[in-house]
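Notes to accompany the following structure.
Order of appearance sets the numbers: ligands from 1, and atoms from 1 within every ligand.
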Amino acid sequence: MDIKCNAIYLDCFAGISGNMLLGALLDAGAPAELLRAELAKLAVTGYRVNLSRVDKGGINAFYLDVQVDEAVQEHRNLADIVAIIEQSTLKPAVKETSKAIVTRLAQAEAKVHGMPLQEIHFHEVGAVDSIVDIVGIAWALDYLRIEHIYASRLRVGSGFVTCCHGLIPVPAPATAELLHGIPYYPGDIEKELVTPTGAAVLATLGTGFGSMPVGFISSKIGYGAGTWNIAIPNVLRLYLGEVTATSQNRQDENPKDERFLVIEANIDDQTPEIYGYIMDRLFAVGALDVWLTPIIMKKNRPATKLSVLAAPNCLNKVTEIILQETTSIGMRFYPVARAMADREFIVIGLPWGDVKVKISSYQGKICNVAPEYEDCRKIAEKSGMPLKVVQQLALKEAMSVC
Ligand SMILES: O=C([S-])c1cc(C(=O)S)c[n+]([C@@H]2O[C@H](COP(=O)(O)O)[C@@H](O)[C@H]2O)c1
Ligand code: NI
């Protein structure tokens, strides 16, 4: 059966910022007057949301500009912003999305500045305009019932921008931190085209990146304008539509699907003794799997490919372990999607002890029944029975109850 989900595809040929995305969502159908009413639910004052239609290189786009009174340029930390969102009367789903984006942004800043999360004062990021952009985006996505966000490769721009620290490179350090696992390129425009807020939304909510997903059918396009006038139309193009689950984008059928990274290094000059230690360390920092493949690499050298499957937030720790513990001085990583069966555990009693059994199902049908190896091993050791027989007995017992 085809499953259809509301989705957007963001064509980020001129990058993405918070106000570009919110402008594009308004242009695609989220009503501006409702946005104002929702924002009024936040205990934040001293700002004005200016909405206008502008021409950007021949494309008529929605431009959203938040004007903040000079007097209220306060610095807020994560707890302050979370409290403002929590104490509002926004819908719970909008609160959750907003808090997730703000937290992701704070984590990136904390990493860059080497500070504890709660000590991060958001500077520009904490200014009212960012709160407005983030909450506005969370509200508009909910209003349009968007379930999946896809985006093209991002043009991030190049050069330097001025912030309170002085000059920082583009992509800004927090942006670069947020873009792990998301494909991007500088392009030939010397401006900051992807901002930390734009990157935080994609890092928090993005389902997939690259070409428009197979099975995506658009029904409307919205354009959100960026601030600068540049050599290309400075707009974010948002395709609003539906995605139909197919074998190519099966993640849409399964809410458990997430984005992960495969991180790899080809190693030709390391003693095999220490792979076990490295694998243990990688699992300890959150790797979901680690595997070794014999390969023949450059100069016809027999070597080993070390592969790690991990969530994007493990990338830094995995990189550190690979570069510090192996003889490799480089590694590569790329995003992958996973399809997951549902799992539950039952416990069955055998005369020698209990065995946990993992029952997996996909789309409501049982697809695998597996007695836990460690439990069976203990019983085999205790009883003297062959391990495979213990496994068979446990499986038979489990099959009779499931
Ligand atoms: O002031 C600080 S700490 C600051 C840090 C960073 C880092 O990347 S770290 C970036 N910036 C710049 O602030 C503006 C605002 O970004 P929004 O996402 O709120 O639009 C942007 O130019 C960042 O590069 C400031
Ligand atoms: Ni910063």
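Residue contacts to the Ni ion (ligand 2): His113 brings an N, O or S atom closer than 2.8 Å.
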| request: Begin from the C-alpha positions of Glu344 and Lys358 and carry the test salt bridge (charged side-chain N to carboxylate O under 4.0 Å, His left out) through to its verdict. | output: CA-CA 6 Å; Glu344 62 171 327; Lys358 185 162 41 177; over 6 Å; no
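Annotation: Glu192 places an N or O atom under 3.5 Å from an N or O atom of ligand 1; distance criterion only. Residue contacts with ligand 1: Gly198 is placed with no nitrogen or oxygen under 3.5 Å of a nitrogen or oxygen of the ligand (distance criterion only).
When each of Leu178, Val112, Leu117 is checked for a side chain to side chain contact (heavy atoms under 4.5 Å, CB included) with Gln107, only Leu117 meets the rule.
Heavy atoms of Gly18 come nearer than 4.0 angstrom to ligand 1 in no pair at all.
Applying the 4.0 Å criterion to heavy atoms of His113 picks out, from ligand 1, the atoms 3 (S), 9 (S). Remark: ligand 1 atoms within the under-4.0 Å shell around heavy atoms of Ser130 are 19 (O). Residue Cys164 approaches ligand 1 through these ligand atoms, each under 4.0 Å from one of its heavy atoms: 1 (O), 2 (C).
Residue-level proximity to ligand 1 for Cys163 is carried by the side chain, the only part with a heavy atom below 4.0 angstrom. Contacts between Ala174 and ligand 1, counted as non-hydrogen atom pairs separated by less than 4.0 Å, involve both the backbone and the side chain.
Taking the six-membered ring for Trp and thresholds of 30 and 60 degrees, Phe216 and Tyr150 have ring planes more than 60 degrees apart, a perpendicular arrangement.
For Glu109, the N, O or S atom closest to the Ni ion (ligand 2) goes by the atom name OE1.
Heavy-atom contacts from other residues, nucleotides or ligands closer than 6.0 Å to NZ of Lys41 number more than 12.
With hydrogens and angles ignored, the 3.5 Å screen pairs a side-chain donor or acceptor of Thr103 with a backbone N or O of Lys99. Proximity of a side-chain donor or acceptor of Asp142 to a complementary backbone N or O of Trp139 within less than 3.5 Å is not detected. Side-chain atoms of Arg155 come within 3.5 Å of backbone N or O of Phe13 as a donor-acceptor pair. Side-chain atoms of Ser218 do not come within 3.5 Å of backbone N or O of Lys220 as any donor-acceptor pair.
Proximity annotation for atom 11 (N) of ligand 1: of Leu105, Ile168, Ile120, Asp133, Ile168 comes nearest, heavy atoms only.
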